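Below: the structure, in structure tokens.
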2 protein chains.
Amino acid sequence: MAEAAQTISDHIHKMLDDLTRAERQLALSVLENYPASGLGPLTALAKDADVSVPTVARMVQKLGYKGYPEFQAALREELKAKVKTPIAKHDTWAEAAPSGHILNRFTEAVIENIRLTLGQIDPTAFDQACDLIADADRHLFIVGGRITHTLAEYLFLHMQVIRPHVTHVQSTSNTWPHYLLNAKEGDVFVIFDVRRYENNTLKLAELAHERGAKIVLMTDQWRSPVHQVATVCLSNRIVVPSAWDSATTMMLLLETMISSVQTLNWTQTKARIEGLEDMFDQTKLFRKFT
Amino acid sequence: MAEAAQTISDHIHKMLDDLTRAERQLALSVLENYPASGLGPLTALAKDADVSVPTVARMVQKLGYKGYPEFQAALREELKAKVKTPIAKHDTWAEAAPSGHILNRFTEAVIENIRLTLGQIDPTAFDQACDLIADADRHLFIVGGRITHTLAEYLFLHMQVIRPHVTHVQSTSNTWPHYLLNAKEGDVFVIFDVRRYENNTLKLAELAHERGAKIVLMTDQWRSPVHQVATVCLSNRIVVPSAWDSATTMMLLLETMISSVQTLNWTQTKARIEGLEDMFDQTKLFRKFT
DNA sequence: ACTGATCTGTGATAAATATTTCACAATTGT
DNA sequence: ACAATTGTGAAATATTTATCACAGATCAGT
């Protein structure tokens, strides 16, 4: 046990580079629900990680143990030690960092934001927003501000794959009035607006509303003035220990929305995705992953 | 084994009265450092509790298990569940929605991603990354791919405020070689690369590495090939119930990083922020329509 | 203090499982 | 096409578990 004070989890993590693919797959599986999985029989672990028995035997030795039983014994020792420590509270997310470390403070705040945001969300409103966004008969405009335009673009990138007739508008640009000319009754605007609320965005929203468009607003807990003309308003907690606001909660909601919308018209979407993947493959834009 | 609802520890406690002296002695030893001792071999447990082997076998059956292995399996299951529990107390995040609703399923997955990502992150590496990014003497290049470029831009927007000499590079664009010409030894590249990994990004990273630049890599749990030339590699869990991967965990890490970097050179940053705010006000960039 | 019933440990053994290791084929990446 | 990796199936080995008979210990009640 020359490996000093580091946990086996650390050790495995450090060795990750020296492991081959199957071994790494196994290692990640061990870490997945650590340490329980490593305490069962070797064969069970192999099946769980979807690798062969010899692979497990090989990796354990590569990690420096004489055999699987010795590895298990080490795990048990660690578990025994860990339980004894009264700091078993899970307020440390990054276990290797002190609880006052920014990693833990920030994560704690974000989780709290998520809890509060989700706790007061109206599932009906959420579903309604998804329905609107999924409806390919409506042109979809996605509007972001100075900071939020990255979120808007994230949504745009995905919607572009899922459905036709999507436009990304930046409210800080002076070209958005041109886009608005094309908007007709029943079209949908997804608008991002958090403090400090932007006048451009409000103006855009009002004009869109006048033209009979539906508005889905993604805002913060104090709600942008846009909410007065919004059909659906989803408000997020965004306060974190930082000089900035957090977009993480909104990102979560956004991705949930993307997942939901995609499910809603999967049949129509599937072909689009496959076509796109083919095109990417053909142009070799990406490297095939395995 | 109908006692599904309660923990094995509880169960043992309850049975304590029905046990004989040696069995009780054994049971207490099991509870002593629970559950580690029960996960080793039967003989070890017997010796540990200072009872005989048959006593262990007898007690296990008295507890209602078919044999010692089954008892161990139950312990492992409980351990597995327990590790997850600190967060799982929020069975339903969106209280108004059924637990099967996508809002709850998705959030559950993201929280799990966060837990796993933070759990295996190396705070030293994280701090090192922050130090590199905070160092105004090094030019900072931020590189994103097709999807990740929104994250890259999010980082860029903030870094632009916090420090000078920041450049946003899109690896999918064919203009990035021009940026690379300006990179000199000691400069820092923050590179985003998740599956499916992009060849352009890898090429860019390799060239940057050759020029002596430091590379901070934000990638997924399988790690982009860029990690071979990276100074710091931060890997994130990204799997969610969706056709796409989740960027939420990475966003969290990113914002934590921004917060940390900003704190590191706050004195230098403060003036920049104030100056910028003034400029926004003066140019009325956001008030055109008031 | 005695008795009888119950509990417990010993040592041995058979049965069951788990581990380790082969050689070789299939697969993968370069 | 070559080298490295990985899986397969099997067999040998090692370990663990379950159980037995029996002897000693314990204890309650007389």
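Keep in mind that the numbers below use all heavy atoms, side chains included, and drop hydrogens, waters and symmetry copies. Just so we're clear, the structure is a prediction, and the values are computed from it rather than from any experiment. In what follows, chains carry the letters A, B, and so on, assigned in the order in which the sequence lines appear, proteins first and then strands, with residues in each chain numbered from 1.
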B/His149 and B/His168 aromatic ring geometry - parallel, tilted or perpendicular at 30°/60° bounds:
parallel
In whole Å, I'd like the distance from the CZ atom of A/Arg24 to the C1' atom of D/dA4.
14 Å
From CD of A/Glu70 across to P of D/dT15 the rounded distance in Å is 12 Å
Only counting residues at least two apart or in another chain, list the ones meeting side chain to side chain contact (heavy atoms under 4.5 Å, CB included) with B/Ser224.
B/Asp193, B/Tyr197, B/Leu217, B/Thr219, B/Val226
So, B/Arg76 and B/Gln72: side-chain donor and acceptor under 3.5 Å apart, yes or no?
no
A/Ser259 side chain to A/Glu255 main-chain N or O, any donor-acceptor pair under 3.5 Å?
no
Base, sugar-phosphate, or nothing: which does B/Gln25 touch, judged by heavy atoms less than 4.0 Å apart?
nothing
May I have the distance from B/Tyr197 (atom OH) to C/dG29 (atom P), rounded to whole angstrom?
13 Å
What's the CG-P distance between B/Leu202 and C/dT30, to the nearest Å?
11 Å
Student check: side-chain heavy atoms of B/His227 and A/Leu16 closer than 4.5 Å:
no
When you measure from the side-chain N and O atoms of B/Gln61 to the phosphate of D/dA18, is any distance below 4.0 Å, counting only OP1 and OP2?
no
Interatomic distance, A/Lys66 NZ vs C/dT21 C1' [rounded to whole Å]
14 Å
Tell me whether the OP1 or OP2 atom of C/dC7 has a side-chain N or O from B/Thr55 closer than 4.0 Å.
no
One character per nucleotide, please: for nucleotides 10-18 of chain C, 5' to 3', B when the base has a protein heavy atom closer than 4.0 Å, S when only the sugar-phosphate does, - otherwise.
B-------S
Just wondering, do B/Phe189 and B/Leu180 contact through their side chains at under 4.5 Å, heavy atoms?
yes
Is the shortest distance from a Lys or Arg side-chain nitrogen in A/Asp18 or A/Lys62 to a carboxylate oxygen in the other one below 4.0 Å?
no
Integer-rounded Å distance: D/dG9 C1' and A/Lys47 NZ
16 Å
Nearest-angstrom distance from the residue atom CG of B/Leu45 to P of D/dT16:
13 Å
Between A/Lys62 (NZ) and C/dT20 (P), how many Å, whole number?
16 Å
Select from B/Val60 and B/Arg21 the residue whose nearest nucleotide in DNA chain D is closer to the 5' end of that strand.
B/Val60
Nearest nucleotide by nearest heavy atom, which residue falls closer to the 5' end of DNA chain D, B/Ala57 or A/Glu23?
A/Glu23
